[in-house]
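First up is the structure itself, then whatever we jot down about it.
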Number of protein chains: 2
Amino acid sequence: MNHDAASTPPLAADKKMDAVDIQRVLLERICLLRYKPDDQLKEALLAAEFGVSRTPVRDALNRISHLGLIESRNGVGTVVMQLSAEQIQHVYEMRLELASLIGRVSPITPGPAHLTALLSLLEDARVLQQSFDPDGYVLINHRLNALIVTMIGNQSLRAMWQQTYFQAASTWYRVAELLGPAVGDTLINELSELIEAVKMGDAEALGYVERVHINYGYTKVKQLFL
Amino acid sequence: MNHDAASTPPLAADKKMDAVDIQRVLLERICLLRYKPDDQLKEALLAAEFGVSRTPVRDALNRISHLGLIESRNGVGTVVMQLSAEQIQHVYEMRLELASLIGRVSPITPGPAHLTALLSLLEDARVLQQSFDPDGYVLINHRLNALIVTMIGNQSLRAMWQQTYFQAASTWYRVAELLGPAVGDTLINELSELIEAVKMGDAEALGYVERVHINYGYTKVKQLFL
DNA sequence: GACAGAACAGCTGCATACAGCTTAACTCCA
DNA sequence: TGGAGTTAAGCTGTATGCAGCTGTTCTGTC
């Protein structure tokens, strides 16, 4: 009764996933680097794993192809793309700008539900620090992103935010692998500052907090990869 | 020999279009309002028209579904969505912001090729004014948009610009129908100002020119529809 | 005549079979 | 043994048939 959504995020053991479910799982796996750049996502294998035919798998791949994270080549396979240094730079540059817009274009005043969710995330982030692992970290980041999305009033901006999040997520996973618990501390700081902003119902502050932390992340990415 | 691309933009008479071609044609038809909101895009009919099976048509529809311009409902059909007043507002708000970013994030210095293309567009726009029709107007706008895209250095911003263009295009077509040659005059002004910016190699000016004219368009849309 | 119910037509979602392309391995010859 | 040509395996792209869902229409009853 209480497992209507997101209760089986990575697993597919249950019964008959449709194209939409597969789309979600594939994106999550790319963000969690379970599929690494140059990996081949063979439609037949995925179909077998999910217990469906190639058709819904193809539909899912087609629907996420616009993100540039995968590319299908006839006769070869569907490969996971490694975003070039330039592309990563562009995505982070845009996320910096988009963050500033959260509080400026059709802003939403965050409410108590948002606060509750943030407090829950903060709790989980603290638990995570007791035995840090990148997967758990990125999953919390996932939930945080999903929450921030609900605080973006402009639907167009919301879509762009999601898009760039997916594009940057796997890069950020690699940072978490390399830096370890340090990024967890930063996440706790980010959550604390977000909580303050939400307590005041200040969407603009929220955007600036995000901007600051994206800038921090961008700095780390530049140091480590670019 | 000289008909390698865009020579048959709307037509499908030739031979064997693949999913990518179909995707382009469908988007164009939506932008030109050949498909109006609540219209049903039946896969079987489109397949017959393009001389292929339903499969590549489905692939094309899936690949553009993220724009929110169409929505497939099981048992019903794939319907063209009417963007709500709020959605239109959001898209225009974002285009205003994105325009300002053209000259700020990874800008490109426009060169002589851009200038040549703009002059050609200006010429065509002037010809159009001798007997204005919305279709011709939107097609020139299409070419202008394609050109501006090549002046956007940040790939992520480029994708967002394209996305919002497709989402706003059909709305703009309706404005052209209602206002007639007046929008053509505005287009000529826009092109003239863009030419000045490009002559100076000033990407920032280019972005501001776009911002101003998007704002003009937004004003008209608000007056007429919102 | 009006309304409830059932049968029907039509569409998308999915499954399966086939064709075309690409890569890699394998063979044959020098 | 090295290399060019050929063959074979495997993947995506496409075609086609079937199942499930939805809106409509037709029928039977009150």
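Note on naming: letters A, B, ... go to the chains in the order of the sequence lines (proteins, then strands), and numbering restarts at 1 for each one.
One can place CG of A:D59 at 14 Å from C1' of D:dT12, the figure rounded to the nearest angstrom. Computed from coordinates, the B:F50 CZ to D:dA15 P distance equals 13 Å when rounded to whole Å. One interatomic measurement links the two molecules: CG of B:L41 to C1' of C:dG13, which rounds to 17 Å at whole-angstrom precision. A straight line from CD of A:E43 to P of D:dC11 spans 10 Å, rounded to a whole angstrom. Separating the CG atom of B:L46 from the P atom of D:dT14 is a distance of 15 Å, rounded to the nearest angstrom. Across the protein-nucleic acid pair, B:K42 atom NZ and C:dT12 atom C1' stand 13 Å apart, rounded to whole Å. When the P atom of C:dG13 is taken as reference, atom CD of A:Q23 falls 13 Å away, rounded to whole Å. One atom, CZ of A:R58, and another, C1' of C:dG13, lie 15 Å apart when rounded to the nearest Å.
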Provide a list of protein-nucleic acid N or O atom pairs under 3.5 angstrom, restricted to nucleotides 15-17 of chain C.
residue: C:dA15; atom: OP2; partner: A:S53; partner atom: N; Å: 2.6
residue: C:dA15; atom: OP2; partner: A:S53; partner atom: OG; Å: 2.8
residue: C:dA15; atom: N7; partner: A:T55; partner atom: OG1; Å: 2.8

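Not one N or O on the side chain of B:N215 forms a donor-acceptor pair closer than 3.5 Å with the backbone of B:Y218. Of the possible polar contacts, none joining the B:N154 side chain to the B:V105 backbone as a donor-acceptor pair under 3.5 Å is found. Under a 3.5 Å cut-off, the side chain of A:R73 and the backbone N or O of A:T78 do not form any donor-acceptor pair. Put simply, the side chain of A:R158 gets close to the backbone of A:I152: a donor and an acceptor are under 3.5 Å apart.
Counting non-hydrogen atoms under 4.0 angstrom, A:L61 reaches nothing in the nucleic acid.
Listed in residue order, the members of residues 67-82 of chain B having a heavy atom less than 4.0 Å from DNA chain C are B:S72, B:R73, B:N74, B:G75, B:V76, B:G77, B:T78.
Salt-bridge check for A:D39 with A:R34: failed, with every basic side-chain N at 4.0 Å or more from each acidic carboxylate O. Salt-bridge annotation for A:E97 and A:R104: absent, with no side-chain N of the basic residue lying under 4.0 Å from a carboxylate O of the acidic one.
A:F132 and A:Y137 have tilted rings, their planes meeting at an angle from 30° to 60° on a 0 to 90° scale.
Note that B:K222 lies outside the cation-pi zone of B:F225, set by a 6.0 Å cut-off to the ring centre and a 45° limit from the axis.
In terms of heavy-atom proximity, A:L33 sits nearest to A:S170 at CD1-O, 3.8 Å.
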